[in-house]
Amino acid sequence: SSQNPQKFRLLEGGAEDRRTPEEELKARVRYQEALVGLGKSALSEANSWDLLDEAARVVAEVLSVEYCKILELSPDGTELLLRAGVGWKEGYVGGATVGANLESQAGYALISGGPVVVEDLGREDRFNGPPLLLEHGVVSGISTIIYVNGHPYGVVGAHTKRKRQFNDEEISFLKDVAELLGAAMERRQTEETARSTIGERARAARRRLVFLAEANAVLSTSMDYTTTLKTAARMAVPAIANWCFTDVVEPGGLIRRVT
């Protein structure tokens, strides 16, 4: 009835897998627990690749699928690399690619801008099934975009060999995972930029201190101001400047350049 809706997934052969309200509640709790766990990992010192590997394992386990893939868009935007995943044949992760166009489900997700749900890949007419999915006997799946700083980083997808209709909660869960991964990558990019900036400032300060120490030692050895100024100019380039010149004011107000 409308007061007690029952959601279902379509399994192989068209059978309906009805879930009770209690089962749906347990599923939602499971999704939230998985997201909390991934969130903690995202805030840890683990590198991005470890986080992607963990996310792939979590998605496959929570959604009960044989395959999960996290694809990274190439710099020229023409293909997607299987950066992390679960269930794929040995050697595929880190090497296999799919087209970032109508030649793959992931490519279609990038074009459409939203989650793409496939119930039967063999009967799909929106895009072509890529070899990566066909070689593994994939029938059903979901794909959604990972955005980093407002731009597509890639796609996360969950796939199964069984014919299955993914429900709204499962689609939302995968979108949440994609958003979490994107946010984690943004945070780490910001931290890396900050560390790089701080490191460069520290190196520049050290160069200035070294220059001053060396200049003090050299300049104190000469009593001739012309020689002293020329030496200082030579030391300044390229230690702290790209070019340097020195002018002196002679008696009578005449300005003379010595370097």
Side-chain angles (χ1 to χ4, degrees), residues 1-44 46 50-71 82 84-88 93 105-106 108-109 112-124 126-127 129 132-134 136-147 154-184:
S1 68
S2 60
Q3 294 180 341
N4 185 26
Q6 288 189 321
K7 298 183 180 180
F8 62 88
R9 293 179 299 177
L10 191 63
L11 301 181
E12 186 175 5
E16 294 179 2
D17 177 22
R18 296 185 181 277
R19 299 195 303 179
T20 66
E22 291 77 12
E23 290 172 333
E24 291 180 9
L25 178 59
K26 289 180 180 179
R28 284 194 290 270
V29 170
R30 188 168 67 251
Y31 300 153
Q32 291 304 313
E33 289 176 344
L35 291 170
V36 169
L38 281 177
K40 290 180 179 178
S41 296
L43 293 173
S44 72
D50 290 340
L51 179 62
L52 294 181
D53 288 337
E54 181 180 353
R57 292 193 300 270
V58 168
V59 168
E61 179 180 352
V62 172
L63 294 183
S64 299
V65 295
E66 299 95 312
Y67 307 107
C68 177
K69 67 178 189 293
I70 298 178
L71 303 170
L82 181 58
V86 168
W88 311 104
V93 174
Q105 181 175 341
Y108 184 75
S112 66
V116 175
V117 182
V118 174
E119 293 183 32
D120 189 343
L121 186 61
R123 302 181 64 180
E124 182 58 57
R126 294 171 295 176
F127 54 86
L132 175 65
L133 300 185
L134 297 177
H136 289 82
V138 167
V139 175
S140 302
I142 328 170
S143 293
T144 194
I145 304 173
I146 301 171
Y147 287 99
V155 173
V156 56
H159 305 276
T160 177
K161 295 181 178 180
R162 298 178 290 113
K163 188 174 183 180
R164 170 173 167 182
Q165 185 179 12
F166 291 90
N167 60 41
D168 292 343
E169 287 82 5
E170 292 167 330
I171 297 170
S172 294
F173 169 71
L174 193 65
K175 289 175 62 179
D176 288 341
V177 171
E179 291 179 6
L180 188 152
L181 292 176

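If you read the sequence from its start, that first residue is 1, and numbering goes on from there.
In this structure Tyr147 satisfies the side chain to side chain contact (heavy atoms under 4.5 Å, CB included) test together with Ile145, Pro152, sequence neighbours excluded. Applying the salt bridge (Lys or Arg N to Asp or Glu O under 4.0 Å) test to Arg126 and every residue at least two apart in sequence or in another chain returns Glu124. With sequence neighbours excluded, the residues forming a side chain to side chain contact (heavy atoms under 4.5 Å, CB included) with Ser112 are Tyr108, Val116, listed by chain and number. Applying the side-chain hydrogen bond (donor to acceptor under 3.5 Å, both in side chains) test to Glu66 and every residue at least two apart in sequence or in another chain returns Thr160. The salt bridge (Lys or Arg N to Asp or Glu O under 4.0 Å) check on Glu54 picks up nothing, with sequence neighbours excluded. When the side chain to side chain contact (heavy atoms under 4.5 Å, CB included) test is applied to Val62, the partners found at least two apart in sequence or on another chain are Arg30, Tyr31, Ala34, Val58, Phe173.
Between His136 and Tyr67, the ring-plane angle classifies as perpendicular under the 30° and 60° cut-offs.
The two residues Cys68 and Ala56 have their closest heavy-atom pair at CB-O, 3.5 Å. For the pair Val177 and Ala55, the tightest heavy-atom approach, listed with the atom from each and the gap, is CG1-CB, 4.5 Å. Minimum heavy-atom separation, Val86 to Ala60: CG1-CB, 4.0 Å. Contact record, Val93 with Ala84: CG1-CA, 3.9 Å, taken as the closest heavy-atom pair. The shortest non-hydrogen separation linking Gly157 to Leu174 is CA-CD2, 4.4 Å. For Ser140 against Asp120, the heavy-atom pair with the smallest separation is OG-N, 4.4 Å.
Between the CD1 atom of Ile142 and the NZ atom of Lys175 there is a distance of 11.5 Å, given to the nearest 0.5 Å.
Applying the side-chain contact (heavy atoms from CB on, under 4.5 Å) test between Arg164 and each of Glu119, His159, Glu170 identifies Glu170 as the sole match. Among the candidates Leu181, Asp176, Leu180, Leu43, the single residue satisfying the side-chain contact (heavy atoms from CB on, under 4.5 Å) test with Leu38 is Leu180.
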Step-by-step side-chain contact (heavy atoms from CB on, under 4.5 Å) determination, Lys69 to Leu132: CA-CA 10 Å; Lys69 67 178 189 293; Leu132 175 65; 4.2 Å; yes

Take Thr144 and Val155 through the side-chain contact (heavy atoms from CB on, under 4.5 Å) test and state the conclusion after the steps. CA-CA 6 Å; Thr144 194; Val155 173; 6.0 Å; no

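Contact annotation: the side chain of Gln32 approaches that of Leu35 to within less than 4.5 Å [non-hydrogen atoms, C-beta and beyond]. Annotation: side chain of Ile70 is in contact with side chain of Ile146 (closest heavy-atom distance under 4.5 Å).
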